[in-house]
2 protein chains.
Amino acid sequence: MTAHVHNHAALTKNQALVFGELSKAEGPLSAYTILDQLRSEGFRAPLQVYRALDKLVEFGMVHRLESLNAFVACSHKDCEAHSAAAFAICEKCGQVTELSDAKLDDRLRELAEATGFALTKSVVELRGICADCKAA
Amino acid sequence: MTAHVHNHAALTKNQALVFGELSKAEGPLSAYTILDQLRSEGFRAPLQVYRALDKLVEFGMVHRLESLNAFVACSHKDCEAHSAAAFAICEKCGQVTELSDAKLDDRLRELAEATGFALTKSVVELRGICADCKAA
DNA sequence: TACGCAATGTTATCTTATAACATGACAGCA
DNA sequence: TGCTGTCATGTTATAAGATAACATTGCGTA
């Protein structure tokens, strides 16, 4: 499991456990799903998961999907390299694809600037059917 | 209060009540806030609100803000006129501005097409500080 | 050792959303 | 008139997501 390399301070035990679950998952996981999967590791309360997730999101290693109330591991080697992320979420199979697009980011920045809005974060989530499911 | 004109079948009583609350609100409201405001009208359960909201969203008269778990009345006269909507959400005052931008929509469509993704809906929510709050 | 700080653990509670089932209102038609 | 289908409503209970408040532990450093 060396898909992710991050130059942050070493993760704490709980952060590492939560990140591990997200990394080996096919798609997004809810906080409570993670909790259940980590009960065997001694997890007992939602807060143990939420606290770890908060940090991981802060580090940029995990993204929160607002329209799903769920979380995914970042698909980039070094998550600091990309600014904003967009996601394509398949409503059939649940698969999530992370997209990075400079033109999109530029346009969002322009829109914000045009109205004097100081952008801190952008949420872009495309809902639909992925190519695989469409073919099937 | 004639800010909104819609060519849909007349709203039912509950739909009209919920839409009324959203229309006169300054910003987005949560389903439970709406419920509390409509208790005087006889509302007793969340489902009464959620059912009305589902229809209003379907009609395009109300938008759901995924990153807030809240709802706003559409700011356009005829909500069918615009395809996708983007929102700028001020994290200081809570104000929400609805944006319609063809270039943004085009770019999102291009991104979807490039990966064979069949787009049904796009969620775009900009988080930051609005011009007014920045000035203050 | 003693202090400070960050991570952790624990209990309770709050907020958001839906399932399941019962009732009411009304239109169309035999 | 009485039947039937359908849509809106009402009601109770519960699921799912998130946080508040407070206690405890582990560890580096003065």
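The analysis underlying the following values was restricted to heavy atoms, covering all of them including side chains, and did not include hydrogens, waters or symmetry mates. Just so it is clear: chains get the letters A, B, ... in the order the sequence lines come, proteins before strands, and each one is counted from 1.
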K.L.:
Should the heavy atoms of other residues, nucleotides or ligands under 6.0 Å from NZ of B/K134 be counted, would the total exceed 12?
P.N.:
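Buried by this count: over 12 neighbours within 6.0 Å.
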
K.L.:
Could you tell me which non-hydrogen atom of A/P28 sits nearest to which non-hydrogen atom of A/L65, and how far apart they are?
P.N.:
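Where A/P28 meets A/L65 most closely, the heavy atoms are CB-CD1, 3.8 Å.
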
K.L.:
Once side-chain hydrogen bond (donor to acceptor under 3.5 Å, both in side chains) is applied, do any residues pair with B/S122, and if so which ones, sequence neighbours excluded?
P.N.:
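Scan of B/S122 (side-chain hydrogen bond (donor to acceptor under 3.5 Å, both in side chains), adjacent residues dropped) gives none.
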
K.L.:
When clusters are formed by joining ILVMFWY residues with side-chain heavy atoms under 4.5 Å apart, either directly or through shared neighbours, do B/L99 and B/L111 land in the same one?
P.N.:
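In one cluster: yes.
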
K.L.:
Rounded to whole angstroms, how far apart are CD1 on A/I34 and C1' on D/dA16?
P.N.:
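About 14 Å, once rounded to whole Å.
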
K.L.:
So that I can tick it off, tell me whether B/R39 and B/D36 are bridged by a salt bridge, with the cut-off set at under 4.0 angstrom between side-chain N and carboxylate O.
P.N.:
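B/R39 and B/D36: salt-bridged.
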
K.L.:
What does nucleotides 9-19 of chain C look like as a protein-contact string, B for base, S for sugar-phosphate only, - for none, at under 4.0 angstrom between heavy atoms?
P.N.:
BBB----BBBB

K.L.:
Roughly how many Å is it from CD in A/E66 to P in D/dA16, rounded to a whole number?
P.N.:
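It is 20 Å, rounded to the nearest whole Å.
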
K.L.:
For A/L17 and C/dA7, give me the distance from atom CG to atom C1', rounded to whole Å.
P.N.:
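So the two atoms are 13 Å apart, to the nearest Å.
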
